[in-house]
Amino acid sequence: MLDDEITQLKDTFTCIEEWRDLNNARGKTLDIIGNEVGQKRGKATDDVYYRALIKSKIARDRSDGTFNKVIEVLAQTLDCEPSEFQMHSADTPATIFMTNTPIQTIYDVGLTPYTFINIVQNSLSAGVQVESVQLDGTFEIGYLNDSSDGSGLSSVNNPTLGGNLGAYIIPEKEVSTPL
């Protein structure tokens, strides 16, 4: 009889230990982690979005605002390699722009492009602005060749017809999400 209770207690402690990890935490435990780092939940769900916001907040708090640190913050937020996107100095002083940012990576962590841009802006040093962000998609129509309908397009040669459209966003023309 005592053996079952000890087993249940061990299982409970194992669960508690696992939930201390941000990637495994759920519900109230995730709220506690968010409160500790100063990231409010709002209407964010556990699954991906709130975790991404917490990871972003932790990384932003450690950032010194330099290009390399901002790229590290964004890579940690998106759970990707820093080489998956590029950040450049714009012609306007204290302004940057981003290129080659994969939109699917943003969606995979549960963020919207606008929330991602807010994270970029909040990762930069004070006074530095985001001019624009180019989000690359994966959309494909197919190969040009002879088709039976005369359109010149054929999905027979390209079974991966479809994908995600990209975007080009100018932050000053968008509504920001509070972080």
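Separation of atoms CG (L111) and CD1 (I103) is listed at 11.5 Å; rounding is to 0.5 Å. With values rounded to the nearest 0.5 angstrom, Q129 atom CD is found 10.5 Å from T92 atom OG1. In this structure, the separation between CD1 on I58 and CG on L53 is 11.0 Å, given to the nearest 0.5 Å. Residue L9 holds its CG atom at 12.5 Å from CG of D4, rounded to the nearest 0.5 Å. Atom CD of Q8 and atom CZ of F13 lie 12.5 Å apart (nearest 0.5 Å). With rounding to the nearest 0.5 angstrom, the OG1 atom of T77 is 7.0 Å from the CZ atom of R60.
Under the 4.5 Å side-chain heavy-atom criterion for grouping Ile, Leu, Val, Met, Phe, Trp and Tyr, F67 is connected to V128 within one hydrophobic cluster. V73 and V130 sit in two unconnected hydrophobic clusters of ILVMFWY residues. Membership requires side-chain heavy atoms under 4.5 Å apart, directly or through other members. Transitive grouping of hydrophobic side chains (ILVMFWY, heavy atoms separated by less than 4.5 Å) keeps F116 and F97 in distinct clusters.
Within the structure, salt bridge (charged side-chain N to carboxylate O under 4.0 Å, His left out) pairs that include any residue of residues 70-95 comprise K69-E72 (at least two apart or interchain).
Annotation: side-chain hydrogen bond (donor to acceptor under 3.5 Å, both in side chains) contacts of S125 (sequence neighbours excluded): none.
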Inset, instruction - Show the numbers, then the answer: is there a side chain to side chain contact (heavy atoms under 4.5 Å, CB included) between I106 and T115? - result: CA-CA 9 Å; I106 293 169; T115 302; over 6 Å; no
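Side-chain N/O atoms of D64 and T66 include a donor and acceptor closer than 3.5 Å.
No side-chain heavy atom of V133 sits less than 4.5 Å from a side-chain heavy atom of T99. At least one side-chain heavy atom of Q104 sits under 4.5 Å from a side-chain heavy atom of D108. With a 4.5 Å cut-off on side-chain heavy atoms, T29 and N24 do not count as touching. Side-chain atoms of M87 and T101, non-hydrogen and from C-beta on, never get closer than 4.5 Å to each other.
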